[in-house]
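Working notes, beginning with the structure itself.
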Amino acid sequence: MDWLEAFGLLAAALAAGAVNAVAGGGSLISFPALLAAGYPAKTANVTNTVALWPGYLGGSLGYREELKPQRRRIALLLAPSVLGAIAGSAILLSTSEDSFEAIVPFLILFATALMAFQKQLTALAERHSLAARGPDHFPPLLHGAVFLSAVYGAYFGAGLGIIMLAVLGVLIPDNLQRLNGLKGMLSLLINGVAVIYFAAFGPVEWAPAAVMAIGALAGGYLGAGVARRLGQERLRTAVVAFGVVITLVLFIRPL
C-alpha cells in the first residue's frame with residue numbers, strides 16, 4: 001500500500017464504523033473501497049469483515065449504558081448468534097462470488113421494508129403472540145430470526161445492522177436506542193466469530209485490514225454518540241433512508 005491508498009481505506013473504515021453504529025450498512029462504504037484498491041471481491045469481503053470488527057467494539061463501548069440492563073438478553077441470544085456466524089462463514093468460503101453479489105440487493109430491500117413497517121409488524125406479532133411478552137420472554141421466532149441474521153451477517157455483512165435492528169424491533173418491545181445497543185453487541189459477536197473463521201481459513205489481506213481497523217474503531221465510538229442524539233423516530237427514519245439508498249445503489253450498479 002502507498003500512503004494515498006492507506007489514507008483512503010482509513011477514511012472509508014472511519015465512515016463505515018460510524019454508519020454501522022448509527023444504522024448499519026457501513027460495509028457498502030468500506031467494501032467498495034477495497035474493490036477500488038484492486039482486491040478481488042471475495043478477498044475484499046473477507047478483509048472487510050476483519051477490518052470492521054473493531055468498529056462494532058467501539059459502538060458497543062459507546063452504548064455501554066444501554067447494554068448494562070440487557071446482559072440476560074445477550075447471554076440467551078449468544079448461541080444463535082455464534083452458530084449462525086459459523087454457518088454463514090462456511091457458506092461464504094464454499095460458494096462463488098456471483099452468488100452472494102446477486103442476492104445482496106434483495107436482502108437489503110427486505111431489511112429496509114421490515115424497518116419501515118416495524119410498528120405494523122410489531123402489532124401483528126403481538127396479536128399472534130410471536131413477540132416477546134416481557135423482558136424475560138424469548139420466543140422461538142426470535143432465536144430463529146437472530147440465527148438467520150447471523151448467517152447473513154457472516155456471509156456478507158452489508159446491512160446486517162438494518163436486518164438485526166428490524167428483527168429486534170419487531171420481536172422485542174423496547175426503546176429503539178436500547179435495541180440499537182443490543183444490535184451492535186450481537187453484531188460484534190457475529191463478526192467476531194467470522195473474523196476467527198476467516199483468519200483461519202479465508203484469504204485475509206492483513207495490511208489493509210490493520211489500517212482500516214483503526215478507522216473503524218474510532219468511527220464506531222463516535223457513531224454511537226450520534227445515534228443517541230438522533231432520538232427514536234429520527235433513528236428509524238435514518239435507518240430506512242440509508243437502506244433505500246443502499247438498495248438503489250446495488251440495483252443500479254451491482255458490486
Per the side-chain contact (heavy atoms from CB on, under 4.5 Å) rule, which among Val193, Ile190, Asn191 passes with Ser81?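 Exactly one pass, corresponding to Ile190.
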Taking the side chain as C-beta and beyond, is there a heavy-atom pair between [X] and [Y] under 4.5 Å?
X	Y	result
Pro69	Arg178	yes
Val146	Leu171	no
Val46	Leu93	yes
Tyr155	Ser99	yes
Arg73	Asp174	yes

Could you go through Tyr221 and Tyr63, starting from their C-alpha distance and side-chain angles, then the distance that decides it, and tell me whether this counts as side-chain contact (heavy atoms from CB on, under 4.5 Å)? CA-CA 9 Å; Tyr221 187 80; Tyr63 265 108; over 6 Å; no
Between Phe201 and Tyr197, is the ring centroid distance below 6.0 Å?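 Between Phe201 and Tyr197, the centre distance is under 6.0 Å.
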Please evaluate residues Phe156 and Leu92 with respect to the criterion side-chain contact (heavy atoms from CB on, under 4.5 Å), reporting the C-alpha separation (whole Å), side-chain torsions for both, the decisive distance (0.1 Å), and the verdict. CA-CA 8 Å; Phe156 183 67; Leu92 171 64; over 6 Å; no
Nearest heavy-atom neighbours spanning Ala85 and Ala154: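 Looking at all heavy atoms of both residues, the shortest contact is O-CB, 3.2 Å.
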Taking atom CG of Leu52 and atom OG of Ser187, what is their separation to the nearest 0.5 Å?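 Separation between the atoms: 11.0 Å.
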What distance separates Leu67 CG from Ile74 CD1, expressed to the nearest 0.5 Å?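 That separation rounds to 5.0 Å.
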Contacts of Thr47 meeting side-chain contact (heavy atoms from CB on, under 4.5 Å) (sequence neighbours excluded), chain-then-number -> Leu34, Thr43, Val204, Glu205, Pro208, Ala209
Is atom CG of Leu78 surrounded by more than 12 heavy atoms (other residues, nucleotides or ligands) closer than 6.0 Å?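 Yes, because the 6.0 Å sphere around CG of Leu78 holds more than 12 heavy atoms from other groups.
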Could you verify whether a donor N or O on one side chain and an acceptor N or O on the other, from Lys183 and Asn180, lie under 3.5 Å apart?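 A donor-acceptor contact under 3.5 Å links the two side chains.
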Indicate whether the side chain of Ser27 and that of Ser30 have a donor and an acceptor atom separated by less than 3.5 Å.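 Side-chain D/A pair, Ser27 to Ser30: absent.
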According to a hydrophobic-cluster definition based on side-chain heavy atoms being under 4.5 Å apart (Ile, Leu, Val, Met, Phe, Trp, Tyr only), do Ile163 and Val82 belong together? yes
Find out if a path of hydrophobic residues (ILVMFWY) with successive side-chain heavy-atom gaps under 4.5 Å connects Phe31 to Trp206. yes
Run the side-chain contact (heavy atoms from CB on, under 4.5 Å) test on Leu168 and Leu142 for me, step by step, so that the C-alpha distance in whole Å, both residues' side-chain angles and the decisive distance to 0.1 Å come before the verdict. CA-CA 8 Å; Leu168 296 176; Leu142 175 60; 4.2 Å; yes
If the condition is side chain to side chain donor-acceptor pair (under 3.5 Å), which residues does Ser94 pass it with, not counting sequence neighbours? none
Step-by-step side-chain contact (heavy atoms from CB on, under 4.5 Å) determination, Leu10 to Leu14: CA-CA 6 Å; Leu10 180 69; Leu14 178 70; 5.8 Å; no
